[in-house]
Amino acid sequence: MPQSAEKVKDHIALFQEPEYKDLLAAKKEAFECRHPDEVVAAQLEYSKGWEYREKNFAREHAVINPHKACQPLGAVFAATGFAETMPYVHGSQGCAAYFRSHFARHFKESSVCVSDSMTEDAAVFGGMTNIVEGLQNCYTLYKPKMIAMSTTCMAEVIGDDLQAFIAAAKEKESIPADFPVPFAHTPSFVGSHVVGYDNMIKGILQYFWDRDNGALTATKGTRINVIPGFDGYAVANNREIKRMLDTMGVDYTMISDVSEVWDTPTDGTYRMYDGGTSLDDTRAALNAKATVALQQFCSEKTLELCASKGQDVVALNHPLGIGGTDAFLMEVSKLTGKAIPEALEKERGRLVDAIADSQAWLHGKRFAVFGDPDFVLAMTGFLLELGGEPAHVLCTNGSAEWEAKAKALLASSPFGAGGQVYRGKDLWHMRSLLFTEPTDFIIGSSYGKYLEKDTGIPLIRLGFPIFDRHHHHRFPTFGYAGALRILVEILDRVFEVADASSDISYDLTR
Amino acid sequence: MSLDYTNDTAFNEGLIKEVLDAHPDKAAKKRARHLGTVKQGGDGNPTCGVKSNVKSVPGVMTVRGCAYAGAKGVVWGPVKDMVHISHGPIGCGQYSWSQRRNYFTGTVGIDSFVTMQVTSDFQERDIVFGGDKNLDKMIDELEVMFPLNNGISILSECPIGLIGDDIEAVAKKKAKDLGKPVVPVRCEGFRGVSQSLGHHIANDVIRDWVFDKKEIVWETGPYDVNLIADYNIGGDAWPSRKLLEEMGLRVIGSWSGDATLAEMERAPKARMNLIHCYRSMNYICRHMEEKYGIPWIEYNFFGPTQIAASLRKIAAAFDETIQANAEKVIAKYESLVEGVIAKYKPRLDGKTVMLFVGGLRPRHTATAYEDLGMKIVGSGYEFAHNDDYQRTAHYLKEGTLIYDDVSEFEFEKFIEGIRPDLVGSGIKEKYSTQKMGVPFRQMHSWDYSGPYHGYDGFAVFARDMDMAINAPVWTKLKAPWKA
């Protein structure tokens, strides 16, 4: 008997037992009608070759294992970062269930978001009734200070007019006339989650700056706005950014800060709302001197809005690594006139010290990198700083501008000379790249585990989502501190591989 | 091994009132029909007394998903040798990618495709000009990429039905081109009120696009059965299969966990359909009964009491040999069951449980908990129908709180009010519950554990409930200087 009460075996051990191996083999043999093993083996071999790669890259319609999500996911992320705010998804309810699950699986936190559950009748008559009822129920039950509305593709295809519907709901007294319901149209057939993030932030700022008595003051102060962007490490990264800004003595508003919302304690009380950017701060952010977007491709339209209000705008690409963090600090210093303090310079020095200690283990190692546009740029940049060679740089949801930046980045260093940039490609393309032109490591999200399994190339988990490892997001990747953490993660894999690959070279000291 | 207890009807009715009072009038009126307690009905049978399978109230944060989730995530997605296209924009396929743990054997990307996300990734031009042409070309490309696929399913996302695409026409054409099944599934997310309609639509597609499409060469045996509606979450279907085989039955089709298309096509050759999740596949069982004269039996493989009862019930439909075998199987596992109960019951005895799951487990797991001495104090379904609630009342004790399509608001208030020792629900409910200091197990995904079916699975189930409830972390919620 394979199972026992003394040592209970779950799926990991149970199905390795001979009884189950036999059962599965018998099922396959007698009932499954599979292709013969040798045919499967031949196709597997064929799928690793150049010919298959060429066919793979000739695909124009089939998308296989893409690395991007849809706009409303980004909109819900953006809305989550405001104080006592309920994200509201206008359209099919299944979408909201998916967004909540997706974030819960990554952050290991509750993620709230209502839907107004549009069905067939709403498809015919439009979703106004759903908004009128949905806003009232949401407002009454969850007592938010703001409801931030985005749309699913259903509502977009039938062309629902959010502005008019929200006005109608206020007219019917579903919610008070002055209750903030900023909105964004977020069609999932345009762009990706990073665009949805941008649209929602812009929608919220527009609400407070244009419609809700936001008034431009004559003189700008020294305060700056910081927009973090869609970031799986936001919990820790936002804190790290704030710590650096506090150290500099900068006066700032973080626009959409999920660091408390998605990191609440287990102490007997569930907090549906905790932290987040206050609505007053959001309103006042209009009069900031400048807005810094930490992730350019999450904030393109928002920065246009900020610029139109007379703010200086700066777009960074994910302040990760030495150069990424340097750029952040220098831009902030330039905008605010605050010097970069010695303490931060010392942190930088410690990071450089660590890299100097370890660089020999990274020099010339080949990496494949995939993920969201700004992350991929920053990660590639950091690898170049470490002496690693980014060989395949892939971004499913990168724009033409992203591609140009990525190519320029590779061209800026001899370590980037052999690298190729793949825009709009998916992880099935990456599989062909890794088989035909192998790298030493893969850097990317949990979805990369299938690439690791297929190719045997170790995956270093960085990016969003991380579903199959716990609590990585609780530690920063931004700043010098974050860079040190990433350095250690990469080194750990390098040393594990070295230890596992040879009994002879099994050195105690490395 | 039925435990004798009742739950506090008056207290639970009070909770319901409190929750309804917090709603606007219209919503309260709607929700009142979905909340209740188990009572004796007029006919002398217990009843849950709630309405079900109606539209969710907008804005309340329903736990429910959509028809696509039911059709792709539940019924079609696990069929391992087919490529399943999430047809429409990127999101649906991305969020459901590898999220139901339908275990299978095979080589991913070569002859098995369960843990892949294949999508037409609709862009604005597809919405404007329609997606049929691209779908046609896409299927050709998939054939080049995955020549060993045995069929393709097209799972519609919301826009497909709204822009008037004719995926049936594309499916027919491509099936002819490729000489293999290409099945269109009209499971747009706005159809129906929950995942449930997606199950039904997916069942109908099996009927209309899989059955009787080609000659099935199969030497029928007297003990041929299909194992229906076990999705092999964490490997559930395998201990189930083991029990059925041990009692002498031949499982010729496994639906749809670890299934190949051949197993689906062959199903009408069976003598008997054994169905676990009634909600998601009763439709096809009824069809097979009507058209092919195949009887079907509902069974329950959670916990020793129900497993033994089910083995005997199934055996009763066959001959004495099978009946004798069933007794031998039950006897074979007796010592394992005794060992598990001896080990875990003292740690779980009297602990209370609230459940909120999909369409089966809120009743099917109840006795398994009771086998361990635990008590079900509240239960409810995301997408059950009236016939499910009819099947539920006799599993539960008088006064048990019943909540159909519970909202986040209601569930939180019920948990706060009852303070059970364990909540079994989904990923969306997990973390808020644990923060309240209440132990939790995910009962859709088995919290990445399993299997829970069969005797081998019961040991895992018992271990998992123990580790959730008796984890030392629950004693650390309050800082000692605050205690």
Side-chain angles (χ1 to χ4, degrees), chain A residues 1 3 5 8 10-11 14-15 20 23-24 31-35 40 43-44 55 59 61-66 68-70 92-94 97-98 100-102 104-105 109-110 114 116-120 123 130 133-138 140-141 153-154 157-158 188-190 264 266-268 270, chain B residues 24 27 55-56 58-62 64-66 69 89-91 94-95 105 107 110-111 116-119 121-124 127 134 137-138 141-142 144 148 158-159 162 189-190 234-235 242 252 260 262-263 336 339-340 343 409 427-428 431-432 434-437 449-450 456 459-460 463 477:
Chain A
M1 180 128 20
Q3 188 61 287
V8 174
D10 64 19
H11 57 97
L14 189 64
F15 301 133
Y20 278 101
L23 177 140
L24 295 176
F31 303 109
E32 292 189 348
C33 303
R34 316 298 314 257
H35 297 281
V40 173
Q43 175 63 23
L44 178 60
K55 290 177 178 175
R59 272 189 286 135
H61 306 284
V63 176
I64 305 168
N65 297 353
K68 64 173 179 176
C70 65
S92 303
Q93 69 195 18
Y98 277 142
R100 294 181 63 206
S101 303
H102 209 66
R105 286 173 179 135
E109 290 284 320
S110 171
V114 303
D116 54 18
S117 300
M118 286 168 67
T119 56
E120 282 107 330
N130 299 70
E133 264 190 62
L135 282 176
Q136 187 190 21
N137 290 333
C138 175
T140 311
L141 290 177
C153 51
M154 176 200 186
V157 171
I158 64 175
S188 48
F189 44 83
V190 176
T264 63
T266 287
D267 60 1
Y270 166 53
Chain B
K55 275 200 276 191
S56 299
V60 302
M61 213 182 317
T62 172
R64 283 174 168 175
C66 63
I90 188 75
Q94 205 71 9
Y95 309 127
T105 59
T107 309
I110 305 301
D111 70 346
M116 299 183 72
Q117 134 72 329
V118 177
T119 175
D121 186 16
F122 256 40
Q123 301 299 305
E124 200 150 23
I127 301 290
N134 285 346
K137 290 179 193 154
M138 171 183 184
E141 290 178 358
L142 291 175
V144 173
L148 301 187
C158 284
L162 299 170
F190 61 81
K242 186 159 155 261
I252 67 167
T260 58
E263 296 177 64
L336 173 64
V340 169
K343 182 172 177 183
F409 177 83
I427 184 75
K428 304 193 289 300
Y431 300 104
S432 52
Q434 291 190 162
K435 285 174 194 298
M436 290 154 75
S449 177
D456 290 348
V460 184
R463 179 201 71 175
L477 299 191

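Here is the naming used below: chain letters follow the sequence lines, and residue numbers restart at 1 for every chain. Values reported hereafter were calculated over all heavy atoms of this structure, with side chains retained and with hydrogens, waters and symmetry mates removed.
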Inset, instruction - Identify which of Ile158(A), Thr140(A), Val190(A) forms the greatest number of heavy-atom pairs closer than 4.5 Å to chain B. - result: Thr140(A)
Inset, instruction - Heavy atoms only, distances under 4.5 angstrom: which of Arg59(A), Lys55(A), Met118(A), Arg105(A) has the most pairs with chain B? Name it, please. - result: Arg105(A)
Legend entry - Side chain / backbone / both / neither for Val40(A) at chain B, heavy atoms under 4.5 Å: both
Inset, instruction - Indicate yes or no: at least one non-hydrogen side-chain atom of Val60(B) is less than 4.5 angstrom from one of Val114(A). - result: no
Legend entry - Salt-bridge contact Glu109(A)-Lys435(B) (side-chain N to carboxylate O under 4.0 Å): yes
Inset, instruction - For the pair Asp267(A) (side chain) and Leu477(B) (backbone), establish whether a donor and an acceptor sit closer than 3.5 Å, ignoring hydrogens and angles. - result: no
Legend entry - Structural part of Arg34(A) lying under 4.5 Å from a heavy atom of chain B: side chain
Legend entry - Winner by heavy-atom pair count (cut-off under 4.5 Å) against chain B, out of Ser188(A), Ser101(A), Pro66(A): Pro66(A)
Legend entry - NZ/NE/NH1/NH2 to OD/OE distance under 4.0 Å, Arg463(B) and Asp10(A): yes
Inset, instruction - Rounded to the nearest 0.5 Å, what's the gap from CD on Glu141(B) to NE2 on His61(A)? Could you check? - result: 5.5 Å
Inset, instruction - Say whether, by atom type as modelled, one donor and one acceptor occur between the side chain of Arg64(B) and the main chain of Gln93(A) under 3.5 angstrom. - result: no
Inset, instruction - Sequence neighbours left out, what passes ring-ring contact (aromatic ring centres under 6.0 Å, His included) with Phe189(A)? Give chain and number order. - result: none
Legend entry - Straight-line distance of Thr105(B) OG1 to Glu32(A) CD, nearest 0.5 Å: 5.0 Å
Inset, instruction - Would you give the length of the straight line joining atom CG of Leu141(A) to atom CZ of Phe409(B), rounded to the nearest 0.5 angstrom? - result: 5.0 Å
Legend entry - Under 4.5 Å from any heavy atom of chain B - which part of Ile64(A): both
Legend entry - Phe122(B) side chain near Cys153(A) side chain, heavy-atom distance below 4.5 Å: no
Legend entry - chain B interface, residue from Asp116(A), Val8(A), Leu44(A) that has the most non-hydrogen pairs under 4.5 Å: Val8(A)
